[in-house]
Protein chains: 2
Amino acid sequence: MALSPLELRHLRMLAALRETGSVSRAAQMLCLTQSAVSHQLRALEEHYGAALFERKSSPPSFTPVGKRLLRLADTVAAELRATEAEIQQLVGAGAGQLRVAVECHTCFDWLMPAMDRLREHWPEVELDLVSGFHTEPLGLLRSDRAELVILHERPADTDVALHPLFRFEIRALLARGHALAARPWLEPADFAAETLITYPAPDDMIDVIRRVLRPAGVFPRRRDSELTVAIVQLVASRRGIAALPGWAVAGYVERGYVVERPIGPEGLFGELYAATLPAAATLPYVQDFITVIRETSFLTLPGIHLLGGADG
Amino acid sequence: MALSPLELRHLRMLAALRETGSVSRAAQMLCLTQSAVSHQLRALEEHYGAALFERKSSPPSFTPVGKRLLRLADTVAAELRATEAEIQQLVGAGAGQLRVAVECHTCFDWLMPAMDRLREHWPEVELDLVSGFHTEPLGLLRSDRAELVILHERPADTDVALHPLFRFEIRALLARGHALAARPWLEPADFAAETLITYPAPDDMIDVIRRVLRPAGVFPRRRDSELTVAIVQLVASRRGIAALPGWAVAGYVERGYVVERPIGPEGLFGELYAATLPAAATLPYVQDFITVIRETSFLTLPGIHLLGGADG
DNA sequence: TGAACAACATGAGGCACATTCATGGCTTTG
DNA sequence: CAAAGCCATGAATGTGCCTCATGTTGTTCA
């Protein structure tokens, strides 16, 4: 019909801009550089001869033209989604099984919302959680007990399809007024005299032990609890210190229940990956799930960094 | 949202495929090669794992998946159109003036439908027809008496924006059983003893005279009439022969009122162009008009060939 | 029946255009 | 006031779409 430089990519970009509230974050969500998004915006604004949003205000307020394009983006996205769903039905590819195995406790924080959204999009897919912790998670894929595994380490195997998710900082949690809270960051030795409060899991699964304390020859007492709230409670009442993902405790820190410090001068960072068999990686609902995980996590977890896109 | 290789280009392609009824014609309409459209189709079918339409049948019948995508294409196209219209209103670029000057009589056949469609799309644009024939049509642009001129010859001037429209064959029209109808094609000399029936216009404006007869030194008697029907009538009743665009008389020929023959062994071809001032070429409704002309002409005029696209 | 033709498929390669890279200006924050 | 975000912009780069050339199939004439 009419020649228009408008493409779906632009609509997706505008939606991401609204969701994330900034050009750079939108770029991350789209697996692009900030520059690319900026160029796209400029091209659109040039074409319509009007600004699309007010840059100097956060959250950015869209102009009427911008709002109209966003409305288009929404309706088109909805139509697109409906179409693809119907087509999957027609082709018979809409049904299937997706069993997800998880290595880390905190993962449930973002996994549940993601699974909910997937259930909406793919009602015909049997979605299961493979519970319990396994020494060799990739074995679950090969023995056909799971279609997707969440890992907190890049596996050595190259015969599985790896989908980078995001990167986050693991920070030490201290009671207010704790002696160590005076330091700008914590050294491994600082843990020696403390009780380390963790989730119930083998040492190997706990990043701060595997990657910081054990290499330094430090083996503090351990105490564990299933619930993040309980861990925070124990820390606050000076029964020990913990090392948790920043997003998991941001709320408690903000409210002043506890304080947090980096681990080591550069901080300690964890990364999460999803792994599937190569064959499963081509299934549309698996691809959709990866995308949904990245998006929901990025939007709900503060301070995380998406992996595998245009920037590290 | 979901990563989908589907882009607007694909939807436009499918719509064109439906309108034109064939891959190659769709390609022409999209200003692409047949190969490009074929590749696009293959990519889509590969992605959805299903055929989109039955190739060996004309008109091509779409599979359920193809039909569903076409429905999407229609709704998205409508949404897109509505959005752009609203934005033009917001920006204030929806209003303007478009005076069209025409050189040839038959042009009205396709110009009227195109102007009707433009009026729908751009209700705020003042659409006028500059009547009468002018010796120097480009002068109308420079003296600001028209925004767009239809030409049947590539102008020498390079300071106007030229928009190629389409190419068509001009064929000789003869009464059934006419002596010349025995020939596979007509030579210039064949016109010498005949009366040439034309529209009322100077010799310069009549392609067969300017490009065939005059160069050959042949100057047949002339007789003219305003209406195509009347010309056909005169030819049928053996008052003379005519030379008209194939599309303009296809109906009469099909019904057997008259017969047609190529002019010269290779045939005589006419080409039509639209010209505007460079500034006017950037106006959205002018661009839209060009597109609309090409599309409506291509869909309604039999045997024409779009110009300026991926193929000559 | 076969040749000529039309329509579509397919692989390789070129080229346009979106994206990245590198940098600078601007605002915010401690 | 330094330091860090955030965004804009020009030039370089690379990816993917399209074209080109050719092969294949189906169709229409002698």
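Source: prediction; values computed, not measured. Hydrogens, waters and symmetry mates are skipped; everything else that's a heavy atom, side chains included, is used.
Residues in residues 15-40 of chain A take part in no ring-ring contact (aromatic ring centres under 6.0 Å, His included) pair, two or more places apart or across chains.
The CD-C1' distance, from A:Gln28 to C:dT20, rounds to 16 Å in whole Å. Here the P atom of nucleotide C:dA7 and the CG atom of B:Leu41 are 16 Å apart, to the nearest Å. Nucleotide D:dG5 holds its P atom 13 Å from the CZ atom of A:Arg25, rounded to whole Å. Here the C1' atom of nucleotide C:dT10 and the CD atom of B:Glu46 are 12 Å apart, to the nearest Å. Atom-to-atom, CZ of B:Arg12 to C1' of D:dC18 comes out at 16 Å; the value is rounded to the nearest Å. Distance CG (B:Leu44) to P (C:dC8): 17 Å, rounded to an integer number of Å. Nucleotide D:dC6 holds its C1' atom 11 Å from the CZ atom of A:Phe53, rounded to whole Å. Atom P of nucleotide D:dG23 and atom CD of B:Gln34 are separated by 15 Å, given to the nearest angstrom.
Counting non-hydrogen atoms under 4.0 angstrom, A:Ser38 reaches a base of the nucleic acid.
The side chain of B:Ala36 has D:dC18 as its nearest neighbour among C:dT19, C:dC8, D:dC18. Residue A:Ser24 has its side chain nearest to D:dC7 when only C:dC8, D:dC7, D:dT19 are considered.
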- Message: Checking B:Tyr48 against A:Glu84 for the side chain to side chain donor-acceptor pair (under 3.5 Å) test, could you report, in this order, the C-alpha distance in whole Å, the side-chain angles of both residues, the deciding distance, and whether it holds?
- Response: CA-CA 9 Å; B:Tyr48 290 113; A:Glu84 301 233 312; 2.6 Å; yes

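Closest heavy-atom contact between B:Leu162 and B:Arg154: CD2-CG, 3.8 Å.
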What pairs of nitrogen or oxygen atoms, one from the protein and one from nucleotides 11-18 of chain C, lie under 3.5 Å apart?
| from | atom 1 | to | atom 2 | distance (Å) |
| --- | --- | --- | --- | --- |
| C:dG11 | O6 | B:His39 | NE2 | 3.1 |

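Side-chain N or O atoms of B:Glu187 include none that pairs as donor or acceptor with a backbone N or O of B:Gly264 at under 3.5 Å. Of the possible polar contacts, one joining the A:Thr300 side chain to the A:Thr296 backbone as a donor-acceptor pair under 3.5 Å is found.
For A:Tyr273, the ring pair (Phe, Tyr, Trp, His ring centres under 6.0 Å) test picks out no residue, with sequence neighbours left out.
Classification of the B:Phe62-B:Phe53 ring pair by plane angle, with boundaries at 30° and 60°, yields tilted.
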